[in-house]
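Structure first, then comments.
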Amino acid sequence: MGAAVSVIAAAGAMLAAAPVRLAGPRPARRAPGPAPAGRNTMIAVLGCVAATAATVAFRVHAADTGPVADLVRKGASATAEAVLTDDPRETRGQASVFRRESFVVPARIETVVTAAGRTRVRAPVVLLTSGKEWRPLLPSQRIEIRGRFGPAESGELLAAVVLVRDPPRVLSGPSAVQNAAGVFRAGLRAAADVLPPDRRGLLPGLVVGDVSRMDEGVRADFKAAGLSHLTAVSGANLAVVAGAAVALARTAGLPLAARAVLAVLAMLAFAVIARPSPSVLRALLMGSAAALALGTGRSRDGVAALSATVLLLILFDPALARSYGFALSVCATGGILVLAPRWRDRISGRMPRVPRWAAEAIAVPAAAQAAVTPVLVLMSGQLAPVAIPANLLAGPAVAPATLLGFAAALVAPVLMPVARLLVHPAGLATGWIIEVAEHAAGFPLAVLPWPAGLTGLVLLAAAAPVAVLALRHRRVRWIAGALAAGALAAVVLVGPVVARWPPRDWLLVVCDVGQGDALLVAAGPGRAVVVDAGSDPVQVDRCLRTMGVEAVPLVVLTHPHFDHVGGLDGVFRGRRVGAALLGPGGEGRESVRLHGDLDRRGVTRWTARPGMRWRFGPSEFTVIGPAEGGGRAARGGGEGTEVNNASVVMHVRWAAGTALLTGDIETEAQEDLLRRGLPPADIIKIPHHGSGGHHPGFFAASGARAALISVGAGNGYGHPASATLARLNRLGVRTHRTDVSGDLAVVLRDGGLAVVPRGR
């Protein structure tokens, strides 16, 4: 598959480049007859296919033979020396809070030590590792590892995937260029520390593609708004730097040759700071092609340069043809070169009052988005109509942030106070981009579903020409515009009236965070008590943001399992948190790490005891479990069950009714509550996502009329259990589930309580 894609991509590049002449006089017109240009094009395409096929065959042979391939076939472990070829990339997810940091590290094995002795090889691999020791490593460093060699994914031009459990032994430092890049990048991160957390994480990403500290909420907003490309070093970054260098040279009155030299030096300096990895070098070539075309106004030359660049890169590294990042970069650059000038001229011609720079500002993001849409459909199965206006609004702030951040990175190693002065206005620019991304991501119909894969691509290919042909007629354009405006008005204006969210007079919200718990209890205007935080900070933050919560006087973490506390970062994002209430079992590893995390945040910690009581706004909270010392529940089941049974259980009272929040308590803790006396409640949050581990009399004793189940769609645990649903049904309890209905809100209605689902 990888070879086929490589051949097609390379052939397309050569086919695009062949008819375009970069220099020389125009040839005389030939008499009608066989067209040698067609034969030349075919010969060039066949030559390209042969060269690419030979390159791929060589890479496949190298990956499938030799000592590394023998280790893969045996699934054996061995000691090896490797050279890092890119930055260690931290993997996100469950490993980020209560487990060791995990990394994916591209590398090249150069020496393998086996029973037969030490053998020199040259095999590209990926290392799967864990531990903070991997974070500071830089590309070009030589390390010694010991790991188990396994097969790479089918179609990848890799010799192996190596599972490494032990820390690496560093054999040599990075190269001078990579070391300089590390110094400059570290200086930029240090200078950005004066900014708020979301901005300090985004600025290095905008400038040099360093997203190691990027806030997960900002990352999600960028993805939904179609702005993720801003944090990947691309030709656009280099074009901004080169454009600024040319502008300075022009202001200084330097001749054209000197301007070109200065632009090249600026781009090389930027490539060093951004780290000369394969992706950055690719962007250097792409940016040079785009800058050449836009600077000279000769888009045909730019297309030829782009085509030649694509061809050379694929011949050098055929695996790029399988990279969506490479495809997006090529398509975006091609769209800017081919479509943007035409669209700019058409806008200027039909709307004379629009300045040429404004027409270009509209045409460039629109052309880039149109060009990458087929790749996005193939990759993710969605259309992002909000991406064009989002890029249009964010675009003016990208260049100032990039240039100021670049300057700060250059001066930070020697003049940190000056670097911090430069970072402040750059922070204002990044703040604007964050605001644009946040509002765009929350806009109705920001992302439209579309069939993924080849089916979606075929449908898009069929729909696009029809739409273009139809919109050529003025009357059709007016009708389409009216329909679009009506649909937008219906979504933006009518939608909130018909299905208002957040609902008026809400008292409790069960956030749809997948397989986990995250509940909000009203604590006054813009305030809520958070009970558990799910596993994903982005989902929790989005729920809080949707409900308009700006302050959290109390966060209750019922027990330290990841699906209840993993999203804690989302609660703290841009909000004031007063104190944290935790269960009594603080000896386990997960509890120790949770306590340490809260201590680092400077949050006051309380340990739950029965009888503790608070009142925030309309809500009164009373702790009813676990019992002092844990009672019988502390001795029930295995380790996981004991942690569940130690969950904090709270009774919440409002003027119109009550609710019982049960954490993940199982049979033993439920029996203990029944023995000590269970206060009645109108609404019960079913424990442990509706699992089958419940006491037969627990639900009946609560007297609840409605049950809320926080559970992930299609989870592999069988939650909620059919026995639990059947028992609730026999009791006449109305059941509401987040996997079916999305967010669930308990609201005040006609003097009583009602449950309002948001819907999926």
Side-chain angles (χ1 to χ4, degrees), residues 88 90-103 129-136 165-167 189-190 193 196-198 200-201 212-217 219 513 516-519 529-541 544 551-609 612 614 623 626 629-630 634 639-650 663-664:
E90 184 176 3
T91 57
R92 304 281 173 173
Q94 293 194 0
S96 61
V97 177
F98 298 118
R99 302 176 186 172
R100 301 180 73 194
E101 300 95 326
S102 298
F103 297 89
T129 69
S130 62
K132 61 183 179 180
E133 299 87 358
W134 292 88
R135 186 184 299 278
R165 290 192 172 91
D166 298 325
R189 288 194 297 269
D193 284 340
D198 53 352
R200 81 173 63 134
S212 58
R213 300 194 302 178
M214 190 170 174
D215 183 272
E216 287 299 314
R219 193 192 302 268
V513 293
D517 272 13
L519 289 76
V529 171
V530 176
V531 181
D532 288 329
S535 60
D536 187 348
V538 174
Q539 292 179 323
V540 175
D541 171 57
L544 285 160
V552 178
L554 179 67
V555 56
V556 181
L557 302 172
T558 61
H559 63 294
H561 280 166
F562 186 83
D563 60 336
H564 290 251
V565 299
L568 193 58
D569 284 346
V571 177
F572 283 86
R573 187 189 176 200
R575 297 178 186 88
R576 302 182 304 277
V577 177
L581 180 68
L582 285 74
E587 297 81 12
R589 183 177 59 180
E590 293 174 329
S591 293
V592 170
R593 291 179 177 174
L594 177 59
H595 287 217
D597 183 50
L598 292 172
D599 288 342
R600 285 191 297 273
R601 299 178 189 274
V603 178
T604 301
R605 287 189 287 111
W606 295 324
T607 300
R609 298 189 308 275
M612 297 179 75
W614 297 267
V623 176
E639 181 182 351
T641 299
E642 290 182 5
V643 174
N644 286 340
N645 280 327
S647 296
V648 178
V649 181
M650 303 193 76
D664 273 1

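No experiment lies behind these values; they were computed from the predicted model shown. Keep in mind that the numbers below use all heavy atoms, side chains included, and drop hydrogens, waters and symmetry copies.
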### Task
Answer yes if the side chains of Ser647 and Asp664 hold a donor-acceptor pair under 3.5 Å, and no otherwise.
no
### Task
Flag this pair as yes if the NZ/CZ of Arg135 is under 6.0 angstrom from the six-membered ring centre of Phe103 and inside a 45 degree cone about the axis; otherwise no.
no
### Message
Is the ring pair Trp614/Trp606 parallel, tilted or perpendicular, if the boundaries are 30 and 60 degrees?
### Response
parallel
Closest heavy-atom pair and its distance - [X], [Y]:
X      : Y      : value
Leu544 : Arg575 : CB-NH2, 3.4 Å
Ser535 : Pro537 : O-CD, 3.8 Å
Val571 : Ala533 : CG2-CB, 4.0 Å
Pro553 : Val529 : CG-CG2, 4.3 Å
Thr558 : His564 : OG1-ND1, 3.7 Å
Val538 : Asp536 : N-OD1, 3.0 Å

### Message
Could you check whether atom CZ of Arg609 has more than 12 heavy atoms from other residues, nucleotides or ligands sitting under 6.0 Å from it?
### Response
no
Tell me, do [X] and [Y] make a side-chain contact under 4.5 Å, heavy atoms counted?
X      : Y      : value
Glu216 : Asp569 : no
Leu598 : Leu568 : yes
Asp541 : Phe572 : no
Val649 : Pro626 : no
Met650 : Val556 : yes
Val530 : Asp532 : no
Val513 : Asp517 : no
Asp599 : Arg605 : yes

### Query
Is any side-chain N of the basic residue among Asp193 and Arg213 closer than 4.0 Å to the acidic one's carboxylate O?
yes
### Summary
With sequence neighbours left out, the residues meeting salt bridge (charged side-chain N to carboxylate O under 4.0 Å, His left out) with Arg600 are Asp597
### Task
Please lay out, stage by stage, how Leu594 and Leu582 fare under the test side chain to side chain contact (heavy atoms under 4.5 Å, CB included).
CA-CA 10 Å; Leu594 177 59; Leu582 285 74; 3.7 Å; yes
### Working for side chain to side chain contact (heavy atoms under 4.5 Å, CB included), residues His561 and Val643
CA-CA 8 Å; His561 280 166; Val643 174; 3.4 Å; yes
### CG-NE2 distance between Asn644 and His559, expressed to the nearest 0.5 angstrom
4.5 Å
### Message
Checking Ala608 now: which residues fulfil side chain to side chain contact (heavy atoms under 4.5 Å, CB included) with it, not counting sequence neighbours?
### Response
Leu581, Val623, Val648
